[in-house]
Amino acid sequence: MLYEGTIYRPPSEAYSLIVQITVGCSHNGCTFCNMYKDKQFHIHTLDQVLADLNEARLLYNYVDRMFLADGDALIYKTEDLVTILDTIRELFPECERITSYATPRSLLLKTPEELSLIREHGLEMLYMGLESGSDTILKRVNKGHTSAEIVEAGRKAKAAGFTLSVTILSGLGGEELWKEHAVETGKAVSLMKPDYVGEMTLNIIPGTRLYEETKAGQFAMPDPKLILEETKLLIDSIDNEGCVFRSNHVSNYVNIRGTFNSGRASMIKQIDDALERNTFKVRHYTNM
Ligand code: SF4
């Protein structure tokens, strides 16, 4: 099977077969991200992907989950993506779930009819980065979209029947904009109504523009206690009945999991307890 460069997948796809149908990210411009810096965005041809699927069938007896990589598999031409999904169904009848990352751009580019068709042919769940609901922060980190556009993209995915998981990045507003980051992100999640929200904590990675900005004193990462205050405010700002919130990535200071809206108070209490007892993880968020 053809794999190019480092392959990334969401934590919940740890046991999925990964098939790389696109390489890199079609945006590849966020100031904090180095995931696909070594890759020029391109797609794997349909012939290549079909050959990979046939090879995978020979290699693996049982595949119950499949993740289509890289950072923007949904950008694939709709007709060809449908062929890929049909082939997965044919070759892997035991496969219960097919998922992929989607950028706001690819969701906004596809028509509602195209998205419904892709969903009907078996792509079930999409992971999309919101990062922040604040337009000021999104502009600073060069996300390439406003909050309203990302909300619209998420709502399009939901309307087409996808299960939607959204990632947000705590610390992204820095010390200066942590409150705005929390409140506006809460508002965006409440409007978009994803099924899952995954919170990760910002890591300032050498080689990124944000690293240089931090070194130059233009960005200050909030300390762990402030990050947890930010997460509390975020949780308090989300109104999204039934949405599962997870903050259990290795980058997070406290592992939190709960379901809105009934679980809000319990999630906030978990953070208060950790702050009171000083039991939050200590980690390094920068290699400077
Ligand atoms: S859209 Fe996602 S993968 Fe692409 S540069 Fe931004 S954070 Fe990285």
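Just so you know, ligand 1 is whichever comes first in the structure, and atom 1 is the first atom listed for that ligand. The residues of the chain are indexed from 1 along the displayed sequence. Atoms considered below: every heavy atom in the structure, side chains included; atoms not considered: hydrogens, waters and symmetry mates.
- Ionic pairing of Glu276 and Lys269 is not present here: no N-O contact between side-chain nitrogen and carboxylate oxygen is shorter than 4.0 angstrom.
- Within the 6.0 Å centre-distance limit, the rings of Tyr36 and Tyr8 are counted as a close aromatic pair.
- Taking 4.0 Å as the cut-off between side-chain N and carboxylate O, Lys187 and Asp239 do not count as a salt-bridged pair.
- Using a 4.5 Å heavy-atom cutoff, the side chains of Ile268 and Lys232 are in contact.
- Side-chain contact between Thr103 and Leu74 is absent, with no heavy atoms from C-beta onward closer than 4.5 Å.
- Near-neighbour remark for atom 4 (Fe) of ligand 1: protein N, O or S atoms under 2.8 Å are Cys25 SG; waters not counted.
- Between Arg97 and Asp64 there is no salt bridge, since no side-chain N of the basic residue sits under 4.0 Å from a carboxylate O of the acidic one.
- Taking every heavy atom of Lys143 and a limit of under 4.0 angstrom, the matching atoms of ligand 1 come to 1 (S).
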